[in-house]
Amino acid sequence: MPADSVLQLKVTLAGIRPPVWRRLQVPAGLTLDRLHLVIQTAMPWQNYHMHLFETPAGDYGRRDSELGHRDERKVPLHAVASTAGDRISYTYDFGDDWVHRVEVEKVLPEEPGTVYPRCVTGRRACPPEDCGGPWAYPDFLEAIADPDHEEHDELLEWAGGAFDPDAFDADDINARLAARLPSA
């Protein structure tokens, strides 16, 4: 794979309908620990919890011999997913169990003057951190949409006063990516 290759990824949060997803373009040589930060920033999550990449080459995360996790800092993305159609899984927060399907859609040449990583497009807001996982998220949405729901006020306050499940802003994500991962 040429050193200046870019992988276009579709990252989809499993178990959520309508789907929450991001289309990202990242350098093929980006290490998995940096891809973790890209996904955290693009969704966005708060990076409070453990995570794991499950790949055909093995499981990667923070190195842990007891759990069998290999060191994600030493593995470039292209070593575990390098061609269109390749898929890996990224799980964030083992309690809430947010599983993300990560699929390589395209291998692209680097565009001169383009900053990577970048978010090309996406759909819908990521669920709030610690809302209970994909099985509890629909209950959260129901409660905040119904002013008569017994948990409406409490959950809205917990979510910061408002939550729009349809919100998505690629420009905001790209600004956060540029600030968090300069010249990744």
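None of these values were measured; they are calculated from a predicted model.
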Straight-line distance of [X] [atom1] to [Y] [atom2], nearest 0.5 Å:
X: Asn174; Y: Thr41; atom1: CG; atom2: OG1; answer: 11.0 Å
X: His69; Y: Glu54; atom1: NE2; atom2: CD; answer: 8.0 Å
X: Trp98; Y: Glu129; atom1: CH2; atom2: CD; answer: 9.5 Å
X: Trp158; Y: Glu151; atom1: CH2; atom2: CD; answer: 11.0 Å
X: Leu156; Y: His149; atom1: CG; atom2: NE2; answer: 11.5 Å
X: Leu24; Y: Ile39; atom1: CG; atom2: CD1; answer: 7.0 Å

Counting C-beta onward and ignoring hydrogens, is there a side-chain heavy-atom pair between [X] and [Y] closer than 4.5 Å?
X: Val38; Y: Leu181; result: yes
X: Leu77; Y: Pro27; result: no
X: Asp59; Y: Arg70; result: no
X: Asp153; Y: Pro147; result: no
X: Arg180; Y: Leu37; result: yes
X: Asp33; Y: Val75; result: no
X: Glu111; Y: Tyr116; result: yes
X: Val6; Y: Gln25; result: yes

What heavy-atom pair brings [X] and [Y] nearest, and what distance separates the two atoms?
X: Ser82; Y: Val107; answer: O-CG2, 3.3 Å
X: Cys119; Y: Ala170; answer: O-CB, 4.2 Å
X: Gly122; Y: Phe168; answer: N-CZ, 3.2 Å
X: Cys131; Y: Ala136; answer: O-CB, 3.5 Å
X: Tyr60; Y: Leu52; answer: O-CD1, 3.3 Å
X: Ala159; Y: Phe163; answer: CB-CB, 4.4 Å

Can Asp166 and Arg124 be counted as an ion pair, charged N to O under 4.0 angstrom?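 Yes, Asp166 and Arg124 are salt-bridged.
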Examine His49 together with Tyr92 and report whether their ring centres are nearer than 6.0 Å.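 When the ring centroids of His49 and Tyr92 are compared, they turn out to be within the sub-6.0 Å range.
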Return each pair, listed once, that meets salt bridge (charged side-chain N to carboxylate O under 4.0 Å, His left out) where at least one residue sits in residues 90-107; pairs must be two or more places apart or across chains.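 Every pair satisfying salt bridge (charged side-chain N to carboxylate O under 4.0 Å, His left out) with a residue in residues 90-107: Arg23-Glu105, Arg87-Glu103.
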Any donor-acceptor pair under 3.5 Å from [X] side chain to [Y] backbone:
X: Asp86; Y: Thr83; answer: yes
X: Arg22; Y: Thr12; answer: no
X: His152; Y: Ile144; answer: yes

Would you kindly confirm whether [X] and [Y] end up in one hydrophobic cluster when ILVMFWY residues are joined by side chain heavy atoms under 4.5 Å apart?
X: Leu13; Y: Trp135; value: no
X: Leu9; Y: Val99; value: no
X: Val120; Y: Leu7; value: no

Could you list the residues that satisfy side-chain hydrogen bond (donor to acceptor under 3.5 Å, both in side chains) with His100, not counting sequence neighbours?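 Counting only residues at least two positions away or on another chain, His100 forms a side-chain hydrogen bond (donor to acceptor under 3.5 Å, both in side chains) with Trp45.
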For residues 3-36, which residue pairs qualify under ring pair (Phe, Tyr, Trp, His ring centres under 6.0 Å), counting only residues two or more places apart or in two chains?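 Qualifying pairs: His36-His51, His36-Tyr90.
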So does Arg62 have more than 12 non-hydrogen atoms from other groups sitting under 6.0 Å from CZ?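 No.
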